[in-house]
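Following: one structure in structure tokens, then a few remarks.
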Amino acid sequence: MKYFSLILSFVLLSTMSLTADAGNLKTETFKVWGNCGMCKATIEKAAKSVSGVKSADWNIKTDMLTVSFQEDKTTLDDIKKAIAASGYDSETHRATDEAYNNLHGCCQYERPGTK
């Protein structure tokens, strides 16, 4: 019986913790330029490296990134800065030329505004 009570308590506490986290999750979708599967991996990794980001999914065909994050731990601006630092431009944050030039050749997309 003690064992059962302990397990039940653990399950209830876990559920309450997950519910609390889900309560302040915000989901945003925005454009991030890129080309391929390596871009996808790098963009998603950069977004997930920001504390408070719970998920990131970049669509290769549409160049749209969907991120879910805890608003009390980070901001959309912080996420976009991390992505730009990895070499990828968004609609509001431009990667430095150095970061962009460090991308693998197949990942060097046509940068917006540079035609």
Side-chain angles (χ1 to χ4, degrees):
M1 187 66 168
K2 242 184 189 182
Y3 182 70
F4 178 76
S5 295
L6 183 62
I7 290 175
L8 183 60
S9 296
F10 177 75
V11 169
L12 288 174
L13 286 173
S14 297
T15 303
M16 288 175 19
S17 176
L18 290 174
T19 303
D21 283 347
N24 67 354
L25 274 183
K26 183 173 187 175
T27 300
E28 293 281 346
T29 301
F30 57 94
K31 186 167 188 119
V32 179
W33 280 266
N35 287 327
C36 63
M38 284 196 309
C39 295
K40 178 178 176 64
T42 303
I43 291 165
E44 291 174 358
K45 182 179 178 181
K48 291 175 186 176
S49 74
V50 178
S51 180
V53 173
K54 295 298 179 188
S55 67
D57 182 42
W58 184 70
N59 185 303
I60 293 172
K61 292 180 182 178
T62 64
D63 287 338
M64 299 301 285
L65 176 70
T66 301
V67 292
S68 294
F69 59 97
Q70 293 174 290
E71 288 185 283
D72 61 338
K73 293 190 177 181
T74 194
T75 65
L76 190 57
D77 187 61
D78 290 338
I79 298 166
K80 289 181 177 183
K81 284 179 186 175
I83 293 166
S86 73
Y88 294 88
D89 299 330
S90 68
E91 295 164 317
T92 58
H93 292 69
R94 187 172 176 88
T96 64
D97 289 339
E98 181 181 3
Y100 173 80
N101 290 331
N102 284 331
L103 293 174
H104 189 272
C106 74
C107 295
Q108 291 184 353
Y109 51 93
E110 186 174 319
R111 297 184 87 180
T114 61
K115 289 184 180 185

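Rounding to the nearest 0.5 Å gives a distance of 8.0 Å between CG of Asn59 and OG1 of Thr66. Rounding to the nearest 0.5 angstrom, the gap separating the OG1 atom in Thr74 from the NZ atom in Lys54 is 11.5 Å. Separation of atoms CD (Glu28) and CD (Glu71) is listed at 8.0 Å; rounding is to 0.5 Å. Asp89 CG to Thr92 OG1: the interatomic distance, rounded to the nearest 0.5 Å, is 10.0 Å.
Residues meeting the side-chain contact (heavy atoms from CB on, under 4.5 Å) test with Met64, sequence neighbours left out: Thr29, Lys31, Thr62. Under the rule for a side-chain contact (heavy atoms from CB on, under 4.5 Å), the partners of Cys106 that lie at least two apart in sequence or sit in another chain are Cys36, Met38, His104. Under the side-chain contact (heavy atoms from CB on, under 4.5 Å) criterion, Ser55 pairs with Ser68, not counting sequence neighbours. Checked against side-chain contact (heavy atoms from CB on, under 4.5 Å), Asn102 has the following partners two or more places apart in sequence or in another chain: Glu98.
Residue pairs meeting the salt bridge (charged side-chain N to carboxylate O under 4.0 Å, His left out) criterion with at least one partner in residues 55-65, sequence neighbours excluded, are Lys40-Asp57.
Closest of all the heavy-atom pairs between Ala46 and Ser86 is CB-OG, 3.7 Å. Minimum interatomic distance between Lys80 and Ser90 (heavy atoms only, all atoms of both residues): CD-OG, 3.9 Å. What you find for Ala95 and Gly87 is that their closest heavy atoms are CB-C, 3.4 Å. Looking at every heavy atom in both residues, Ala84 comes nearest to His93 through CB-CB, 4.2 Å.
Other members of the cluster containing Leu76 are Phe30, Val32, Trp33, Ile43, Val50, Val53, Trp58, Ile60, Leu65, Val67, Phe69, Ile79, Ile83, Tyr88, Tyr100, Leu103, Tyr109, with ILVMFWY side chains joined at under 4.5 Å, either directly or via other members.
Salt-bridge formation is detected for the pair Asp97/Arg111: a Lys NZ or Arg NE/NH1/NH2 atom is positioned less than 4.0 Å from an Asp or Glu carboxylate oxygen.
Side-chain atoms of Gln70 and Leu25, non-hydrogen and from C-beta on, do get closer than 4.5 Å to each other.
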